[in-house]
2 protein chains.
Amino acid sequence: MLSKKTKYALHALTYLGKHRENKTVLIQDIAEEHGISHKFLENILLELRKAGYLGSKKGKGGGYYLIKEPKDIPLSRIIRLLDGPIALLPCVSLNYYEPCAECKNEVQCGINKVMVQVRDETLKILENKSLQDILDGE
Amino acid sequence: MLSKKTKYALHALTYLGKHRENKTVLIQDIAEEHGISHKFLENILLELRKAGYLGSKKGKGGGYYLIKEPKDIPLSRIIRLLDGPIALLPCVSLNYYEPCAECKNEVQCGINKVMVQVRDETLKILENKSLQDILDGE
DNA sequence: ATAATCCCTATAAATTTTATAGAGTTTGTG
DNA sequence: CACAAACTCTATAAAATTTATAGGGATTAT
């Protein structure tokens with residue numbers, strides 16, 4: 001399951017995607033719309049901005065806005081950013097690799113081999129769904 | 001990512017699958033082989049037994065053994081049993097459904113729609129991989 | 001000058017995961 | 001029959017992670 005952080009990020013991105021005609025959107029508006037804590041959401045939007053998905057404007061009249069095309073924001077990226085690895089085990093993670101302590105020899109571990117396949121197939125799914133697909137469903 | 005519980009369960013099932021000629025296997029042997037806490041693993045094996053994957057024999061000379069064919073133990077089942085939902089959001093879970101608080105109308109929520117698709121495709125992957133596939137890779 | 005707004009970091013609270021403990025119960029064996 | 005070896009079951013503790021809050025700082029429009 002996705003963490004609330006990631007879920008909230010998806011809601012925020014969706015909201016911003018639906019309000020692209022506006023110059024900026026207030027954190028507060030997104031938070032109220034979905035009943036999310038303002039402060040919690042603030043941290044999430046900050047991460048999304050640092051990762052290059054959002055732009056922001058400070059001061060009065062400021063707020064956030066999308067700076068990428070929705071079609072260029074795949075689910076895989078958002079999940080990785082906020083939740084970490086997509087792989088089911090650390091020993092098969094492309095971006096967060098770590099050996100598994102209980103496995104003596106990764107190369108001849110059947111679990112590892114199967115999980116590499118699961119990872120590749122899962123990745124295909126998540127790379128092919130983008131914010132655009134979410135917006136299309138609203 | 002899978003919890004350690006699920007990961008340990010997979011190691012235990014694999015071990016039991018590799019020792020099907022033995023009548024029973026000791027918890028202790030599996031725990032030692034993979035450096036897992038005996039007591040922690042005990043609870044996991046208990047769950048696997050209650051769910052119908054393992055049989056056990058008490059008393060001296062006792063232990064655990066597989067009672068299903070490895071090909072009839074799909075990853076999806078093991079993950080659901082020990083980790084819970086496979087869906088990425090509660091609102092699209094088949095076995096652990098719960099509405100999402102921040103979504104006013106599930107039916108017209110784009111996130112929901114996309115996540116239903118992700119769930120279905122992910123399920124296809126995990127239902128098609130079984131303990132047998134793991135054993136084949138050892 | 002002021003109020004609105006994002007920026008940043010620290011910390012607290014809640015929840016979940018991981019691990020341990022220990023008293024049952026059953027069974028094979030001498 | 002006594003005893004030791006194993007699983008059974010439930011409770012609790014410890015650790016880690018997630019979720020939420022707090023508050024001072026910096027920037028900007030008016």
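The stretch residues 72-85 of chain B has no heavy atom under 4.0 angstrom from DNA chain D at all. A heavy-atom distance below 4.0 Å to DNA chain D is reached by these residues of residues 5-30 of chain B, ordered by number: V25(B), L26(B), I27(B).
Look at S56(A) and you'll find a side-chain N or O under 4.0 angstrom from OP1 or OP2 of dC7(C). For R49(A) and dT5(C), the shortest distance from a side-chain N or O to OP1 or OP2 is not below 4.0 Å. In terms of phosphate contacts, S37(B) brings no side-chain nitrogen or oxygen within less than 4.0 Å of OP1 or OP2 of dT18(C). Contact annotation: Y65(B) side-chain N/O to dC7(D) OP1/OP2 distance is not under 4.0 Å.
We find that E47(A) and K5(A) are joined by a salt bridge, their nearest charged nitrogen and carboxylate oxygen being less than 4.0 Å apart. The pair K104(B)-E33(A) meets the salt-bridge criterion, with a side-chain N (NZ, NE, NH1 or NH2) lying under 4.0 Å from an Asp/Glu carboxylate O. The residues K129(B) and E121(A) are annotated as salt-bridged, a charged nitrogen and a carboxylate oxygen being separated by less than 4.0 angstrom. Salt bridge annotation for K39(A)-E42(A): present, with a cationic side-chain nitrogen under 4.0 angstrom from a carboxylate oxygen.
Sequence neighbours left out, not one pair with a member in residues 64-115 of chain B passes ring pair (Phe, Tyr, Trp, His ring centres under 6.0 Å). Evaluation of the salt bridge (Lys or Arg N to Asp or Glu O under 4.0 Å) test over residues 64-88 of chain A, restricted to residues two or more places apart or in two chains, returns R20(A)-E69(A).
In the model, D120(B) has no side-chain atom that pairs as donor or acceptor with a side-chain atom of Q117(B) under 3.5 Å.
Taking atom CD1 of I44(A) as the reference point, atom C1' of dC7(C) lies 16 Å away to the nearest angstrom. In this structure, H38(A) places its NE2 atom 8 Å from C1' of dT5(C), rounding to the nearest Å. Across the protein-nucleic acid pair, F40(A) atom CZ and dC8(C) atom C1' stand 16 Å apart, rounded to whole Å. When the P atom of dT17(C) is taken as reference, atom CG of N43(B) falls 15 Å away, rounded to whole Å. When rounded to the nearest whole Å, the span between NZ of K4(A) and C1' of dT17(D) equals 14 Å. Atom CD in E47(A) sits about 12 Å away from atom P in dC8(C), given to the nearest Å. The CE-C1' distance, from M1(A) to dT17(D), rounds to 16 Å in whole Å. Across the protein-nucleic acid pair, L41(B) atom CG and dT20(C) atom P stand 12 Å apart, rounded to whole Å.
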Could you list all N or O pairs between the protein and nucleotides 11-16 of chain C that sit under 3.5 Å apart?
none

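To the nearest 0.5 angstrom, R49(A) atom CZ is 10.0 Å from L45(A) atom CG. Distance OG/S76(A) to CD1/I125(A): 11.5 Å, rounded to 0.5 Å.
Distance alone, capped at 3.5 Å, places no donor-acceptor pair between the T6(B) side chain and the L2(B) backbone.
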Decide yes or no on side-chain contact (heavy atoms from CB on, under 4.5 Å) for L75(B) and V118(A), but give the supporting numbers first.
CA-CA 10 Å; L75(B) 289 195; V118(A) 172; 4.2 Å; yes
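Ring centroids of H11(B) and Y15(B) are separated by 6.0 Å or more, keeping the two rings apart.
Both I111(B) and L81(A) belong to a common hydrophobic cluster when Ile, Leu, Val, Met, Phe, Trp and Tyr are linked at side-chain heavy-atom distances under 4.5 angstrom.
L13(A) pairs with exactly one of L131(A), I44(A), I30(A) by the side-chain contact (heavy atoms from CB on, under 4.5 Å) rule, that one being L131(A).
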Using a 4.0 Å cut-off on protein heavy atoms (strictly under), produce a 5'-to-3' string for nucleotides 24-30 of chain D with B for base contact, S for backbone-only sugar-phosphate contact, and - for none.
---BBB-
